[in-house]
Amino acid sequence: MANSRFPKFGYGRSAVFAKGLMKAGMLNKTEQNYKEYLEQERQCGRVIAYWFEAIKLKIAEGTCWYNPDFLVLRPNGDLELHEVKGCPRLFADDAKVKTKACATLYPFRMFVVFPRSKANGGGWEYQEY
């Protein structure tokens, strides 16, 4: 039986479990792969700079904060927030609420990024909020 500290998504053998939180400043495997992709984009000139867990945004009064995975600076001067998830099923309701609130409150383009399967050509899929 899985540890109840971590959310479960799906049922039976197809269930997906979140791996839990990493220590601050540490990247999980998917985030590391995305960082490598951003570095390639920087070298090609499509990204000027990027930062991992660089900012913390207040979502509501009290203790509701949002810390996006990446802050990305584009050549036109736009700043974007990129939240990296292993698959769409791991993008839980509480994260969706925070993402939508952040997109409404702050002047950043907000993206949730998922790896695309190799069978579908690999790369990354983006959902803008």
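These figures come from a predicted structure and were not determined experimentally.
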- [ ] Go through the steps for Y129 and E83 under the test side-chain hydrogen bond (donor to acceptor under 3.5 Å, both in side chains), then give the verdict.
- [x] CA-CA 11 Å; Y129 285 83; E83 183 66 29; over 6 Å; no
Task: Close aromatic pair by centroid cut-off 6.0 Å: F114 and W124 - done: no
- [ ] Using salt bridge (charged side-chain N to carboxylate O under 4.0 Å, His left out) as the criterion, list what pairs up with K98, not counting sequence neighbours.
- [x] none
TODO: State, with a plain yes or no, whether a side-chain heavy atom of H82 is found less than 4.5 Å away from one of Y34.
DONE: yes
TODO: Drop me the distance from E36's CD to L27's CG, to the nearest 0.5 angstrom.
DONE: 9.5 Å
Open item on the list: Restricting to salt bridge (charged side-chain N to carboxylate O under 4.0 Å, His left out), what partner residues turn up for E128, sequence neighbours left out?
Closed with: R109
Task: Charged N-O contact under 4.0 Å between K29 and E31 - done: no
Open item on the list: Assigning hydrophobic clusters by single linkage (Ile, Leu, Val, Met, Phe, Trp, Tyr; side-chain heavy-atom cutoff under 4.5 Å), is W65 placed with V84?
Closed with: no
Task: salt bridge (Lys or Arg N to Asp or Glu O under 4.0 Å) pairs, two or more places apart, involving residues 42-52 - done: E39-R42, E41-R46
- [ ] Decide whether I55 and I48 are clustered together by the hydrophobic rule: side chain heavy atoms of Ile, Leu, Val, Met, Phe, Trp, Tyr closer than 4.5 Å, transitively.
- [x] yes
- [ ] Enter the distance from L105:CG to M110:CE here, rounded to the nearest 0.5 Å.
- [x] 12.0 Å
Task: Given F70, F111, F108, the one that forms side-chain contact (heavy atoms from CB on, under 4.5 Å) with E80 - done: F111
Open item on the list: My understanding is that only residues two or more places apart in sequence, or in another chain, count here; which of them pass side-chain hydrogen bond (donor to acceptor under 3.5 Å, both in side chains) with N33?
Closed with: none
Open item on the list: Using the rule that Ile, Leu, Val, Met, Phe, Trp and Tyr join whenever any side-chain heavy atoms are under 4.5 Å apart, tell me whether V112 and V97 fall into a single cluster.
Closed with: no
Open item on the list: To the closest 0.5 Å, what do you measure between CD (E125) and OG (S117)?
Closed with: 8.0 Å
Open item on the list: With rounding to the nearest 0.5 angstrom, report the CG to CG distance, L81 to L57.
Closed with: 6.0 Å
- [ ] With sequence neighbours left out, write down each residue that passes ring pair (Phe, Tyr, Trp, His ring centres under 6.0 Å) with Y50, or none if nothing qualifies.
- [x] none
- [ ] Hey, could you give me the CG/CD distance between N67 and E53, rounded to the nearest 0.5 Å?
- [x] 5.0 Å
Task: For K58, all residues meeting salt bridge (charged side-chain N to carboxylate O under 4.0 Å, His left out), sequence neighbours excluded - done: E61
TODO: Say whether W51 and Y66 are linked into one hydrophobic cluster, either directly or through other cluster members, by side-chain heavy-atom distances under 4.5 angstrom.
DONE: yes
